[in-house]
Peer 1: 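The structure that follows is given in the form of structure tokens.
Please read these numbers as outputs of a predicted model, since none were measured by experiment.
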Amino acid sequence: MSQPQSFTERVAEARRNISEITVGEAYRRQLDGAVLIDVRESTEHQDGIAAGAIPLSRGLLEGAIGARVPDVETELVLYCAGGARSALAAESLQQMGYRNVHSMVAGFAGWKAASLPWAVPAGMNETQRSRYQRHITLPEIGEAGQQRLLDSTVLVVGAGGLGSPALVYLAAAGVGTIVLVDNDSVDASNLQRQVVHSTDRIGMPKVLSAQMTIGSLNPDVTVEGHDERLTAANVLDLIKGVDLIVDGADNFPTRYLLNDASILTGTPVVHGSIFRFEGQVAVFDPTRGPCYRCLFPEPPPPELAPNCAEAGVLGVLPGVIGAMQAVETIKLLLDIGEPLVGSLLTYDALDQRVLRLDVPKRHDCMACSDPDLPPVLVDYDETCAAVSPQPGS
């Protein structure tokens, strides 16, 4: 029975089957269009990374290379710290069908010694790299994507049932700045579903309670709290500078106001709503799809729009819908996946049924059909009264 090969023997065998090039030749090929791939672990990047290289660790390479470099004819130059792991990686890619793969002899140490361009990745420190390691491991996110989240600003309207899970997961994900608007206070009846609050905070402004929770969860996140009601007078100031809006409102006046402000500013809205055992999620991006008024042109009368206090709600339901809103938010911030633009996702908790419905852009929409006639911001309380004073589900 033959003995298993040692790592040294395995590398030696791989080198007989692949192309190895010097750091100087690797640099010349990169200038001519070859893709440089760093197969080291992310913890090694603190020593620097070659300029223009794609970080794709050895453990993820085979599973992620197809998404990053789909054309098997693309010339690839792989490097590690000293040239051993990149040799094994090059052999593996050849076996997958990539036809023009090289391993860089001497690795990153040789690259630096030759004074070729390199830099230490900006932004995250080692504590942050450890915190977000599971994100960084995903090729669709990586260190650059995580830094993008840290640099993002999101407006969350409402710190209630929908806002609570959205806030917690966005903060845990490292969304760097959250602008939070809610003028309500924590009530004992909220605690059945509003998980960002706790019993000892009953009577406290929800904004302050949420700030305390997020502060203890992730010190990387800044919460800019506004203990005030969202109105036509302040909505544009609150939206200014944010990347997108998470709609955690539980009343129609706020939803229509957010929609119209979204159209005026071009800011996407990640919408969520709940009723008893059912929930809905959608993305209304005025730059590439329908708006909320395309789906619901006019606010309904109060008697047709009961809130959770009147109709009741399954406590876990806003957790499901709010988490979905957080997913859509992260997808939009990172420009990954297929967001719910032009779609409405419906969820029924009683039978665990999820449906995705198309929402067409209405050519006669009173809000978004004519760019020359933008909507006028108004407060809808007189025509569509909300039972609660502020978003909060």
Peer 1: Between M324 and V154, is there a shared hydrophobic cluster once you connect ILVMFWY residues whose side-chain heavy atoms come closer than 4.5 Å?
Peer 2: yes
Peer 1: Regarding R201 and T213, is there a side-chain donor-to-acceptor distance under 3.5 Å anywhere?
Peer 2: yes
Peer 1: Could you tell me whether the side chain of R148 and the main chain of L333 form a donor-acceptor pair under 3.5 Å?
Peer 2: yes
Peer 1: What distance do R15 atom CZ and E20 atom CD have between them, rounded to the nearest 0.5 Å?
Peer 2: 4.5 Å
Peer 1: Side chain of T74, backbone of D71: donor and acceptor closer than 3.5 Å?
Peer 2: yes
Peer 1: Could you point out which residue of E143, H135, Q146, H45 forms a side chain to side chain donor-acceptor pair (under 3.5 Å) with R129?
Peer 2: E143
Peer 1: So I65 and M96, do their side chains get closer than 4.5 Å, heavy atoms only?
Peer 2: yes
Peer 1: Among D247, V246, I263, T267, exactly one meets side chain to side chain contact (heavy atoms under 4.5 Å, CB included) together with L258. Which residue is that?
Peer 2: D247
Peer 1: Quick one: do the E75 and H102 side chains pair a donor with an acceptor below 3.5 Å?
Peer 2: yes
Peer 1: For G272, does its backbone N or O pair with a side-chain atom of Q280 as donor and acceptor, under 3.5 Å?
Peer 2: no
Peer 1: Do E62 and S92 get their side chains close enough for a donor-acceptor pair, meaning under 3.5 Å?
Peer 2: yes
Peer 1: Calculate, to the nearest 0.5 Å, the distance between atoms CZ and CZ belonging to R85 and R58 respectively.
Peer 2: 10.0 Å
Peer 1: Check A14 against A87 and note the closest heavy-atom contact, atom names and distance.
Peer 2: CB-O, 3.9 Å
Peer 1: With heavy-atom distances below 4.5 Å as the criterion, would you say the side chains of Q94 and I18 are in contact?
Peer 2: yes
Peer 1: Find the distance between CG (L264) and CG (N259) and round it off to the nearest 0.5 Å.
Peer 2: 9.5 Å
Peer 1: Tell me, do I274 and V320 make a side-chain contact under 4.5 Å, heavy atoms counted?
Peer 2: no
Peer 1: Could you tell me whether the side chain of S130 and the main chain of E126 form a donor-acceptor pair under 3.5 Å?
Peer 2: no
Peer 1: State, with a plain yes or no, whether a side-chain heavy atom of L150 is found less than 4.5 Å away from one of Q128.
Peer 2: yes
Peer 1: Check whether any side-chain heavy atom of R131 lies under 4.5 Å from a side-chain heavy atom of P219, and answer yes or no.
Peer 2: yes
Peer 1: Can you see which heavy atom on L78 is nearest to which on A90, and at what distance?
Peer 2: CD2-N, 3.6 Å
Peer 1: Tell me whether N125 at atom CG has more than 12 heavy atoms from other residues, nucleotides or ligands lying less than 6.0 Å away.
Peer 2: yes
Peer 1: How close do L236 and A261 get, heavy atom to heavy atom, and via which atoms?
Peer 2: CD2-CB, 4.1 Å
Peer 1: Taking all atoms of both residues into account, what is the closest heavy-atom pair of G319 and P165, and its distance?
Peer 2: CA-CG, 3.8 Å
Peer 1: Does a donor on one side chain sit under 3.5 Å from an acceptor on the other, for T254 and N251?
Peer 2: yes
Peer 1: The criterion is salt bridge (charged side-chain N to carboxylate O under 4.0 Å, His left out); which residues satisfy it with D351, sequence neighbours excluded?
Peer 2: R353
Peer 1: Give a yes or no on whether R276 atom CZ has more than 12 heavy-atom contacts from other residues, nucleotides or ligands under 6.0 Å away.
Peer 2: no
Peer 1: Give a yes or no on whether V101 and L56 share a hydrophobic cluster (residues Ile, Leu, Val, Met, Phe, Trp, Tyr; joining criterion: side-chain heavy atoms under 4.5 Å apart).
Peer 2: yes
Peer 1: Does the ring of Y256 carry R293 above it, NZ/CZ under 6.0 angstrom from centre and within 45° of its axis?
Peer 2: no
Peer 1: How long is the gap from CD on E224 to CG on L155, to the nearest 0.5 Å?
Peer 2: 9.0 Å
Peer 1: Looking only at atom types and distance, does a side-chain atom of E41 sit under 3.5 Å from a main-chain N or O of S57, one as donor and one as acceptor?
Peer 2: no
Peer 1: Are I21 and S19 packed together at the side-chain level, in the sense that at least one heavy-atom pair is separated by less than 4.5 angstrom?
Peer 2: yes
Peer 1: Let's go through T346 and V354 carefully: what are the C-alpha distance in whole Å and the side-chain angles of both, what is the deciding distance for side chain to side chain contact (heavy atoms under 4.5 Å, CB included) to 0.1 Å, and is it a yes or a no?
Peer 2: CA-CA 6 Å; T346 67; V354 179; over 6 Å; no
Peer 1: Mind running side chain to side chain contact (heavy atoms under 4.5 Å, CB included) on C368 and C294 for me, showing each step along the way?
Peer 2: CA-CA 8 Å; C368 71; C294 290; 3.5 Å; yes
Peer 1: Answer with yes or no whether the hydrophobic clustering places V195 together with L162; edges join I, L, V, M, F, W, Y residues whose side-chain heavy atoms lie under 4.5 Å apart.
Peer 2: no
Peer 1: For L257, does its backbone N or O pair with a side-chain atom of Y292 as donor and acceptor, under 3.5 Å?
Peer 2: no
Peer 1: Are a donor atom and an acceptor atom from the side chains of N100 and E73 found within less than 3.5 Å of each other?
Peer 2: no
Peer 1: Let me see the working for Q352 and Y347 under side chain to side chain contact (heavy atoms under 4.5 Å, CB included), right down to the final yes or no.
Peer 2: CA-CA 7 Å; Q352 294 284 25; Y347 171 74; 2.5 Å; yes
Peer 1: Is NZ or CZ of R255 both nearer than 6.0 Å to the six-membered ring centre of F252 and within 45° of the ring axis?
Peer 2: yes
Peer 1: NE2/H197 to CG/L191 distance, rounded to the nearest 0.5 angstrom?
Peer 2: 8.0 Å
Peer 1: In terms of hydrophobic clustering (I, L, V, M, F, W, Y; side-chain heavy atoms under 4.5 Å; direct or indirect links), are V168 and V207 co-clustered?
Peer 2: no
Peer 1: Counting N and O atoms only, with roles assigned by atom type, does the side chain of E278 sit under 3.5 Å from a partner on the main chain of L317, one being a donor and the other an acceptor?
Peer 2: no
Peer 1: Does the pair V77 and I37 meet the rule for a side chain to side chain contact (heavy atoms under 4.5 Å, CB included), with working shown?
Peer 2: CA-CA 6 Å; V77 178; I37 297 179; over 6 Å; no
Peer 1: With a 4.5 Å limit on heavy-atom distance, are the side chains of L61 and L93 in contact?
Peer 2: yes
Peer 1: Nearest 0.5 Å, what's the CH2-CG distance between W111 and D38?
Peer 2: 10.5 Å
Peer 1: Give a yes or no on whether L149 and V327 share a hydrophobic cluster (residues Ile, Leu, Val, Met, Phe, Trp, Tyr; joining criterion: side-chain heavy atoms under 4.5 Å apart).
Peer 2: no
Peer 1: For V196 and S164, which heavy atoms make the closest approach, and how far apart are they?
Peer 2: CG1-OG, 3.2 Å
Peer 1: Under a 3.5 Å threshold, yes or no: a donor from one side chain and an acceptor from the other, between S369 and H363?
Peer 2: no
Peer 1: Looking at N218, T127, T137, which hits side chain to side chain donor-acceptor pair (under 3.5 Å) with Y132?
Peer 2: N218
Peer 1: Identify every side-chain donor-acceptor pair in residues 172-181 under 3.5 Å, counting partners at least two apart or on other chains, and give the distances.
Peer 2:
none

Peer 1: Without hydrogens or angle criteria, can the side chains of E91 and N17 be said to hold a donor-acceptor pair below 3.5 Å?
Peer 2: yes
Peer 1: Can you classify the ring geometry of F108 versus Y79 as parallel (below 30°), tilted (30 to 60°) or perpendicular (above 60°)?
Peer 2: parallel
Peer 1: Could you walk me through whether D285 and R288 pass salt bridge (Lys or Arg N to Asp or Glu O under 4.0 Å), step by step?
Peer 2: CA-CA 6 Å; D285 184 345; R288 52 175 172 157; 2.9 Å; yes
Peer 1: Under 3.5 Å, side chain of N234 to main-chain N/O of T231, donor-acceptor pair present?
Peer 2: yes
Peer 1: Are the side chains of H226 and D182 in touch, meaning some heavy atoms are under 4.5 Å apart?
Peer 2: no
Peer 1: How about Y27: does its OH atom have over 12 heavy atoms from other parts shown lying under 6.0 Å from it?
Peer 2: no
Peer 1: Check whether any side-chain N or O of K361 sits under 3.5 Å from a backbone N or O of C291 as a donor-acceptor pair, and report yes or no.
Peer 2: no
Peer 1: Please name the pair of heavy atoms, one in G107 and one in V23, separated by the smallest distance, quoted to 0.1 Å.
Peer 2: O-CG1, 3.9 Å
